[in-house]
S.K.: 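Would you mind keeping the following structure in view while I ask a few things?
Please read all numbers here as calculations on a predicted model, not as lab measurements. Below, read A as the first sequence line, B as the second, and so on, with proteins coming before strands; counting in each chain starts at 1.
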Amino acid sequence: MVEDHLKGLNSAQLEAATHTEGPLLIVAGAGAGKTKTITHRIVNLIKQGIAPDKILAATFTNKAAKEMREKIRFAIAQFKSLGSCDGDGQRKFLAENFRAFEMGYCEPFVSTFHSLGVYIIKENSRLVGVTKHFTILDENDSISLVKESIKELNLDPKQYEPKKIKGIISREKGKFTHLSDYAENEVSYLGKIVAQVWDIYEKKKSKENSLDFDDLLLKAVKLLKENENIRKIYQERWQYIHIDEYQDTNEVQYLMSKLLAGDKKNICVVGDADQNIYSWRGANLKNILNFEKDYPNTKIIILEENYRSTKNILEAANEIIKKNVYRPDKNLFTKNKTGEKISLYEALDENDEADFVAVKILEILDGETNVASVGSLSGLASPALPLDSSACETPHQSKFIPPSEIAILYRANFQSRVLEEAMLRYNIPYQVLGTKFFERKEIKDTLAYLRAALNPESLSDIKRIINFPGRGIGKTTIAKIFAGERNTLPIKMQIKINNFYELLEELKEKINTSKVSEVIKFTVKKTGIETELSSGTEEDLEKLENIKELATLALKYDNLENGAGIEKLLEDASLASDQDGIMLAENKKQTTNAVRLMTVHASKGLEFKYVFITGLEDGLFPNNHNGETKSGEDREEERRLFYVALTRAKEKLFLSFANFRTIFGSRQINTPSEFISDIPRDLLEKEGEDPGIKTIYI
DNA sequence: CCCACTGCTTTTTTT
DNA sequence: AAGCAGTGGG
């Protein structure tokens, strides 16, 4: 007897969803209903009488976590027999977008690995060696700290690139390598240097009471590993563990799952080796490939039916991924229609490419995509016509395609610029993912005041704001303050410094007595940021707008206790990714219904009716970073990346490449990507005029 | 300490 | 092409 909430699952999905005890590996191809299956499994567990708060699900992005949380809520609401959770509360909750545990609701704990780390660390901060108000360093913060460490060793940061060194350290930490082991075993010259930098870097962080992204996982794992009592507590707390995108886990995340799963081994992982696109960040395919060895008696379920794409799209994707050697054999199939062929456009240069994309999008929005050819694109000066937003709703109601069903993908962020300009020119509503709201200077500055108020040890924050807005406190002075030589400074300077620290005190006071949104407004005024920006240029005014946006966003935290709200806001800000930008910074300008521009990496997990994959040129995609010879494995990763891109599309794919592209201000000639010729000819269809002519004309 | 100028790097992907 | 860090003059 299949219960209501399990209807709509195919047999493999059903089998996975109803499996309860013991290890479970779900190998799910693209578009095979991975999230659906995992959510239903969770709902089923609850239905079986497992307390919701005994269930944990870890994801990689906030977005994925949010999505899963909402799906679970939705499914639960459907059989609203959940005794201890009251319906109204949940609905309110959903609207306010907060995690269950914080407010005492009983819901599964769905979070990113990093938030999970923060959660565990905060509950045991003393043992970790930080205070409750520790600062989370973002990538840039970490890099500058590494840079300082390099300088401290009297080494030239130009010779030893901080970014590179940070990368090495990060990689090692992700492998759970202990610094002392690294220092001992590393014989290379660079390795020795890295070990020294690493050492100083760690010391700086602990002095500043801060943790980097790697620490958030690492410290939590150490805690679990080295302390049996604590381990038991969490194993008891979460008896059913789910890991999303298991193919992307690194060693530390792998250990975390393992330690949490404990002896019960009620662990369910979902993943797809073909979609491993983060190995450069330490993601280790072995984790998923060896799962059954790690957990004897693993139940393995393979989801091979794709519900997303047309046959043509899927065939192209299958053909592409087949060329990879290092992968488990599997073949996705679909019962969907054959669909249209894949369009291929050869552009003269990146501008031409962008124009092509824009014109096509206009056609799609007008419901005229089925027209076989666009004809000449050279006369584009008078484009099809400027849509005001109403145009897309007018003539063909039946074919109405919301702009948000269209995505433009590219390999590297810099490519977005030309495309963005084209969207602007043709008046197409668009949204670029990748500009991280919380990484904007003005936002970081504002938040730095709050962080510094809560954690006065945070030198990086203080450095950032002590002279912004200008207070006449310069570099040398700052150095003296940090060296503890404050009282050797001229009295006038000392007064300035005291005023600054008093300001921080005031902020702290405000934090503890007011709502979050109030605190933000207060901060902007009191610190002088507002005055500084309101008298300035257009750019400054935009910055001010962004800060207002921050204040609006802060409203969401107002119902938390004074102090706790700010803390949560700061945590979310540190852990937010560009994807979450959509949900957090959602500016009212109907951005939600807009064409999405993003990197292929950012598109993972998403789907769109129409997908444009641009810049398919040798060296760009597949990417061949500064001509270094790529190993076979790197090349396979690029291929997987292309596979991810292809499988985002539901109905129609457009591929394009440009013969010329301007990079670093110089115009380069490119050959088409090998990926194009890897797609069977009969699935492709040329767009635009005869490419031969164009190529000769150049 | 601040500002302006210069010249040098940047653009792979991210929690 | 542009943005940034580092330098030097005020």
S.K.: Under 3.5 Å, which donor-acceptor pairs do the side chains of residues 477-491 of chain A form with other protein atoms, sequence neighbours left out?
M.R.:
residue	atom	partner	partner atom	Å
A:Arg486	NH2	A:Asn498	OD1	2.8
A:Thr488	OG1	A:Glu485	O	2.7

S.K.: For A:Phe113 and B:dT15, is the gap between ring centres under 5.5 Å while the planes differ by less than 30°?
M.R.: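 Given the distance and angle limits, no, they do not stack.
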S.K.: When the distance from CD of A:Gln159 to P of C:dA5 is rounded to whole Å, what number comes out?
M.R.: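 Computing the A:Gln159:CD to C:dA5:P distance gives 20 Å.
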S.K.: Under 4.0 Å: is that the gap between some side-chain N or O of A:Asn413 and OP1 or OP2 of B:dT13?
M.R.: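 Yes, within the criterion.
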S.K.: Figure out the CG/P separation between A:Leu217 and B:dT14, and round it to whole Å.
M.R.: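 Atom CG in A:Leu217 sits about 17 Å away from atom P in B:dT14.
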S.K.: Can you list everything that forms a side-chain hydrogen bond (donor to acceptor under 3.5 Å, both in side chains) with A:Asp215? Sequence neighbours excluded, please.
M.R.: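 Scan of A:Asp215 (side-chain hydrogen bond (donor to acceptor under 3.5 Å, both in side chains), adjacent residues dropped) gives A:Lys173, A:Lys205.
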S.K.: According to ring pair (Phe, Tyr, Trp, His ring centres under 6.0 Å), who are the partners of A:Phe657, at least two apart in sequence or on a separate chain?
M.R.: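 Not a single residue meets the ring pair (Phe, Tyr, Trp, His ring centres under 6.0 Å) criterion with A:Phe657.
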S.K.: The side chain of A:Phe414 is closest to which nucleotide in this list: B:dT15, B:dT11, B:dT13?
M.R.: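 The nucleotide sitting nearest to the side chain is B:dT11.
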S.K.: Under 4.0 Å, heavy atoms only, any strand: does A:Glu139 hit a base, just the sugar-phosphate, or nothing?
M.R.: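 The answer is base, as A:Glu139 lies within the cut-off (heavy atoms under 4.0 Å) of a base atom.
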S.K.: List for me each residue that meets ring pair (Phe, Tyr, Trp, His ring centres under 6.0 Å) alongside A:Phe675, sequence neighbours excluded, and say none if there are none.
M.R.: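 Only A:Phe621, A:Phe642 meet the ring pair (Phe, Tyr, Trp, His ring centres under 6.0 Å) criterion with A:Phe675.
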S.K.: Check whether NZ of the Lys or CZ of the Arg A:Arg667 lies under 6.0 Å from the centre of the six-membered ring of A:Phe660 and within 45 degrees of that ring's axis.
M.R.: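 Yes, a cation-pi geometry.
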S.K.: Do the ring centers of A:His601 and A:Tyr278 come within less than 6.0 Å of each other?
M.R.: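 Yes.
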S.K.: Students often get this wrong, so: under 4.0 angstrom with heavy atoms, is A:Asn467 touching a base, only sugar-phosphate, or nothing?
M.R.: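 Sugar-phosphate only.
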S.K.: Which atom pairs link the protein and nucleotides 6-10 of chain C when you take only N or O atoms and keep those under 3.5 Å?
M.R.:
residue	atom	partner	partner atom	Å
C:dG6	OP1	A:Lys147	NZ	3.3

S.K.: Check every strand shown and say whether A:Arg417 touches a base, only sugar-phosphate, or nothing at a heavy-atom separation below 4.0 Å.
M.R.: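 Here A:Arg417 touches the backbone only, sparing every base.
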S.K.: According to the side chain to side chain donor-acceptor pair (under 3.5 Å) rule, which pairs have a member within residues 252-261 of chain A, sequence neighbours left out?
M.R.: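 Checked against side chain to side chain donor-acceptor pair (under 3.5 Å) - neighbours excluded - the pairs reaching residues 252-261 of chain A are A:Tyr254-A:Lys258, A:Tyr254-A:Asp294.
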S.K.: With no angle test and no hydrogens, is the base of B:dT13 tied to the side chain of A:Arg281 by a donor-acceptor pair under 3.5 Å?
M.R.: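 Check fails, no donor-acceptor contact within cut-off.
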S.K.: Between A:Asp214 (CG) and B:dT14 (C1'), how many Å, whole number?
M.R.: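 Taking atom C1' of B:dT14 as the reference, CG of A:Asp214 is at 11 Å.
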S.K.: Is the distance from OP1 or OP2 of B:dT13 to the nearest side-chain N or O of A:Ser279 less than 4.0 Å?
M.R.: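 Answer is no, no contact under 4.0 Å.
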S.K.: Would you measure the distance from the C1' atom in B:dT13 across to the matching atom in C:dA2 and give it in whole Å?
M.R.: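 Comparing C1' positions in B:dT13 and C:dA2 gives a spacing of 22 Å.
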S.K.: Could you tell me how far apart A:Phe664 (CZ) and B:dT9 (C1') are, to the nearest whole angstrom?
M.R.: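 Interatomic distance, CZ of A:Phe664 to C1' of B:dT9: 8 Å.
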S.K.: B:dT15 P sits how many Å from A:Asp248 CG, rounded?
M.R.: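 Distance check: A:Asp248 CG to B:dT15 P gives 12 Å.
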